[in-house]
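Worksheet: one structure, shown below.
What you see is a predicted model, and the numbers here were worked out from it, not measured in a lab.
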Amino acid sequence: MNTKIFKYIIPVLSLAFAMNFTSCVNDLDVTPIDPNLNVQFDQDANFAKIYAGLAITGNQGPAGKPDIEGTDEGASGLMRMLFNLNELPTDEAICAWGSDTQVYPLNFAKFGASNGVALDMFNRLYTQIAQCNNFLIQTAGLSDENTKAQRSEVRFIRALDYYYLVDLFGNVPFVDENTGIGTYLPQRITRADLYKYIETELLAIEPEMKTPKTNLYGRADKAAVWMLLSRLYLNAEVYTGTAQWANAATYAGKVMNAGYILESKYDNMFCADNNTSTEMILPICYDGVKTRSWSGLFFVASFLSGDMNTVATFGTKEAWGGNRARAALIKKFVSDGNLDNTTDDRASFWTKDRTLNITKPIEFKEGYSVTKFKNRTKAGVIGSDPNQQFPDMDFPLFRLAEANLTFAEATLRANGDKTAALNAINALRDRAHASRVSASDLTLDFILDEKAREFYFEAQRRTDLIRYNKFTSGYTWDWKGGTSEGTSLPSYMSLYPIPTAQLTANSNLKQNPGY
């Protein structure tokens with residue numbers, strides 16, 4: 001890892017590739033060069049790289065020229081790190097890889113400032129922010145419609161990167177197109193001020209973004225802006241100390257009325273041709289031939305093992321035996337853990353030769369395996385990779401169901417229209433063939449459990465538990481804190497530590513309290 005990332009915050013890129021947004025990403029050839037050299041800026045190539053950075057880790061397929069020097073490309077992709085940081089310390093997922101000294105401790109929220117996953121995520125997000133800033137600097141003053149659209153979308157991606165930083169790390173370095181290129185140490189921005197910056201950016205670009213459903217697949221539109229605003233407002237009390245429930249409900253409602261439609265079948269969101277989904281608002285795009293990464297939804301192989309008929313059922317030969325469900329997640333569907341007693345289609349688990357309870361976290365077959373992601377089309381055809389290895393399915397970064405749940409929770413917290421909130425929840429339960437709930441059943445705790453049932457293993461759980469004040473204390477689950485029955489955590493662990501390498505590189509930074 002290059003600890004000078006903040007001294008040379010804007011890498012200038014020589015890009016020789018193109019992107020087909022109908023399949024999202026084609027082959028890439030990106031060569032970092034000396035930032036002081038005068039090179040021709042390829043606008044469309046740089047724009048493509050910014051979206052591609054959500055999916056891939058380097059410039060030569062799965063491995064070859066990593067974006068971040070010194071990283072394991074397979075472990076340092078955005079989606080995989082989001083999973084590790086937002087799922088493993090929670091009541092949903094647990095990983096069996098006891099020899100992985102960076103990932104395994106996350107199971108028990110035993111992470112410190114030297115944790116490699118947190119460091120790689122920090123660097124990944126700032127690498128993307130640097131590329132966004134460079135694009136905005138290079139295109140300043142251009143007013144053609146294509147450039148205006150691209151600049152708005154780049155600002156959106158940068159706001160998304162900063163959202164993950166404000167959520168995971170809190171008080172972080174701040175750089176934008178106005179802080180320039182060169183040798184300097186970025187200043188630290190407080191969590192509340194970064195929240196305000198993200199909000200301001202999203203509101204500024206909102207009128208410039210394309211109308212919902214009119215942009216190319218894989219690119220952000222107004223609905224993506226509304227979704228990120230609703231997520232930001234939903235967690236405003238955590239980030240700033242001041243709740244914004246009404247705003248969260250308003251922007252979630254905008255998404256619900258934007259023309260996207262809930263899929264008729266829950267499974268359709270997680271199959272090889274989910275690019276045709278009516279529910280997908282913004283995906284991270286993968287393709288088994290054109291967009292290959294060891295780190296993207298290829299990582300779903302960690303949910304599988306060799307006894308699960310992986311090719312026949314899941315359309316892949318890969319089976320790593322890593323991540324599976326904790327008992328606490330299974331009990332969100334049925335209290336006794338017997339999945340035969342639920343009609344909920346979302347309960348997609350492999351129970352054969354598995355145990356509900358986990359006595360040894362390193363044993364993959366202790367704990368039910370998660371089967372919601374499948375590299376087969378809705379018609380049952382295996383994805384496009386002839387080697388049946390790299391998947392075609394896209395990761396649903398934003399999908400419509402989140403707006404329903406955000407609307408319901410925020411409306412309930414704001415003492416709004418409970419009937420409207422109930423309808424939003426029951427639309428999801430109807431789709432899943434789960435029993436409808438009544439107004440008397442609709443509590444905040446019910447909505448938190450419903451969020452788990454709808455979004456498990458989609459890298460959102462840690463944020464939800466923190467918002468409910470249940471991540472560190474007030475709620476325990478199996479193996480929380482490292483004990484089989486679970487134990488409370490220190491309150492400071494609601495934030496990840498600023499990585500030691502970055503504290504060393506930038507004297508303007510301060511470690512988060514408690515670390």
Side-chain angles (χ1 to χ4, degrees), residues 24 51 54 78-79 82 86 128 152-168 195 197-236 238-239 244-263 269-270 274-275 277-285 394-411 413-414 420-421 424-425 427-428 447 450-451 454-455 458-464 467:
C24 261
Y51 271 104
L54 299 176
L78 179 64
M79 177 259 151
L82 282 176
N86 282 338
Q128 293 176 183
S152 296
E153 291 177 48
V154 167
R155 290 171 70 184
F156 171 82
I157 297 297
R158 182 177 61 181
L160 178 65
D161 292 329
Y162 271 127
Y163 166 77
Y164 289 127
L165 285 162
V166 83
D167 184 69
L168 293 167
Y195 166 94
Y197 169 80
I198 298 167
E199 178 191 28
T200 300
E201 277 288 279
L202 292 173
L203 292 175
I205 64 174
E206 177 189 2
E208 302 170 0
M209 297 290 284
K210 290 187 180 293
T211 301
K213 298 181 66 63
T214 64
N215 210 348
L216 293 173
Y217 178 79
R219 287 173 56 176
D221 60 18
K222 275 188 172 67
V225 172
W226 297 335
M227 184 69 87
L228 186 52
L229 276 167
S230 70
R231 192 182 285 186
L232 187 71
Y233 287 134
L234 189 67
N235 294 289
V238 174
Y239 303 151
Q244 297 285 351
W245 308 123
N247 280 337
T250 295
Y251 280 93
K254 285 177 177 284
V255 177
M256 293 166 66
N257 294 313
Y260 291 91
I261 301 170
L262 290 174
E263 279 288 342
M269 279 305 310
F270 312 102
N274 63 351
N275 60 298
S277 171
T278 60
E279 186 172 337
M280 190 79 80
I281 293 172
L282 183 65
I284 299 178
C285 298
D394 299 335
F395 181 72
L397 201 61
F398 292 141
R399 61 184 179 91
L400 179 58
E402 182 182 343
N404 284 50
L405 286 159
T406 296
F407 177 81
E409 179 186 337
T411 297
R413 289 185 185 272
I425 291 288
L428 301 182
I447 293 174
E450 189 71 7
K451 187 72 181 289
E454 181 71 28
F455 278 93
E458 293 183 55
Q460 298 191 31
R461 188 60 174 174
R462 170 190 157 275
T463 304
D464 294 332
R467 185 174 66 257

Item to check | Under the side-chain hydrogen bond (donor to acceptor under 3.5 Å, both in side chains) test, residues paired with Glu450 that sit two or more places apart | outcome: Arg346, Arg429, Arg453
Item to check | Residues forming a salt bridge (Lys or Arg N to Asp or Glu O under 4.0 Å) with Glu409, sequence neighbours excluded | outcome: Arg413, Arg467
Item to check | Close side-chain approach of Tyr217 and Cys285, heavy atoms under 4.5 Å | outcome: yes
Item to check | Nearest-0.5 Å distance, CG of residue Leu165 to CG of residue Leu160 | outcome: 10.0 Å
Checklist outcome for this item: Closest heavy-atom pair, Asn274 versus Met269, reported as atoms and distance to 0.1 Å, is ND2-O, 2.9 Å
Checklist entry - When rounded to the nearest 0.5 angstrom, what is the spacing between OH in Tyr233 and OH in Tyr239? => result 13.5 Å
Checklist entry - Excluding sequence neighbours, so at least two apart, what forms side-chain hydrogen bond (donor to acceptor under 3.5 Å, both in side chains) with Glu201? => result Arg155, Arg158
Checklist outcome for this item: Residues passing the side-chain hydrogen bond (donor to acceptor under 3.5 Å, both in side chains) test with Asn404, sequence neighbours excluded, are none
Next on the checklist: Could you work out, with side chain to side chain contact (heavy atoms under 4.5 Å, CB included) as the rule, every residue matching Ala401, not counting sequence neighbours?
Outcome noted: Leu262, Glu279, Arg399, Leu428, Arg431, Glu454, Phe455
Checklist outcome for this item: Separation between CD (Glu208) and CD (Glu153), nearest 0.5 Å, reads 11.0 Å
Item to check | Heavy-atom closest contact (Ala424 atom, Phe407 atom, distance) | outcome: CB-CD2, 4.1 Å
Next on the checklist: Does any part of the side chain of Ile425, heavy atoms only, come nearer than 4.5 Å to the side chain of Leu405, both counted from C-beta?
Outcome noted: yes
Item to check | Where Asn86 and Ala459 come nearest, the two heavy atoms and their spacing | outcome: ND2-O, 3.3 Å
Checklist entry - Residues in ring-ring contact (aromatic ring centres under 6.0 Å, His included) with Tyr162, at least two apart? => result Phe174, Tyr197
Checklist entry - What pair of heavy atoms forms the shortest contact from Tyr195 to Ala236, and how long is it? => result OH-CB, 3.4 Å
Checklist entry - Going from CG on Leu202 to CG on Leu232, what distance comes out if it is rounded to the nearest 0.5 angstrom? => result 7.0 Å
N/O donor-acceptor pairs under 3.5 Å from side chains in residues 250-261, not counting sequence neighbours:
| unit_1 | atom_1 | unit_2 | atom_2 | d |
| --- | --- | --- | --- | --- |
| Thr250 | OG1 | Ala246 | O | 2.9 |
| Asn257 | ND2 | Gly253 | O | 3.0 |
| Tyr260 | OH | Lys213 | N | 3.4 |
| Tyr260 | OH | Asp221 | OD2 | 2.5 |

Item to check | Closest contact, heavy atoms only, Ala220 versus Tyr51 | outcome: N-OH, 3.0 Å
Checklist entry - Side chains of Trp245 and Thr411: closer than 4.5 Å at any heavy-atom pair? => result no
Checklist entry - Once you round to the nearest 0.5 Å, how far does CG of Leu82 lie from CG of Leu54? => result 10.0 Å
Checklist outcome for this item: Sorted by chain and number, sequence neighbours left out, side-chain hydrogen bond (donor to acceptor under 3.5 Å, both in side chains) with Ser277 holds for Glu263
Checklist entry - What is the ring orientation for Phe156 with Phe398, classed by angle as parallel under 30°, tilted 30 to 60°, or perpendicular over 60°? => result perpendicular
Next on the checklist: Let's go through Lys210 and Leu216 carefully: what are the C-alpha distance in whole Å and the side-chain angles of both, what is the deciding distance for side-chain contact (heavy atoms from CB on, under 4.5 Å) to 0.1 Å, and is it a yes or a no?
Outcome noted: CA-CA 10 Å; Lys210 290 187 180 293; Leu216 293 173; over 6 Å; no
Checklist outcome for this item: Rounding to 0.5 Å, atoms CD1 (Ile281) and CG (Leu397) come to a distance of 10.5 Å
Checklist entry - Within a strict 4.5 Å, meaning less than it, do heavy atoms of the Asp167 and Val238 side chains meet? => result no
Checklist entry - Run the side-chain contact (heavy atoms from CB on, under 4.5 Å) check on Val225 and Ile205 step by step: do they pass? => result CA-CA 8 Å; Val225 172; Ile205 64 174; 4.2 Å; yes
Next on the checklist: Looking at Glu402 and Arg231, is any side-chain nitrogen of the basic one under 4.0 Å from a carboxylate oxygen of the acidic one?
Outcome noted: yes
Item to check | side-chain contact (heavy atoms from CB on, under 4.5 Å) between Gln128 and Tyr164, worked out | outcome: CA-CA 12 Å; Gln128 293 176 183; Tyr164 289 127; over 6 Å; no
Item to check | Nearest heavy-atom neighbours spanning Pro207 and Lys222 | outcome: O-NZ, 3.5 Å
Checklist entry - Quick check: does any side chain N or O of Thr406 sit under 3.5 Å from a backbone N or O of Ala403, one acting as donor and the other as acceptor? => result no
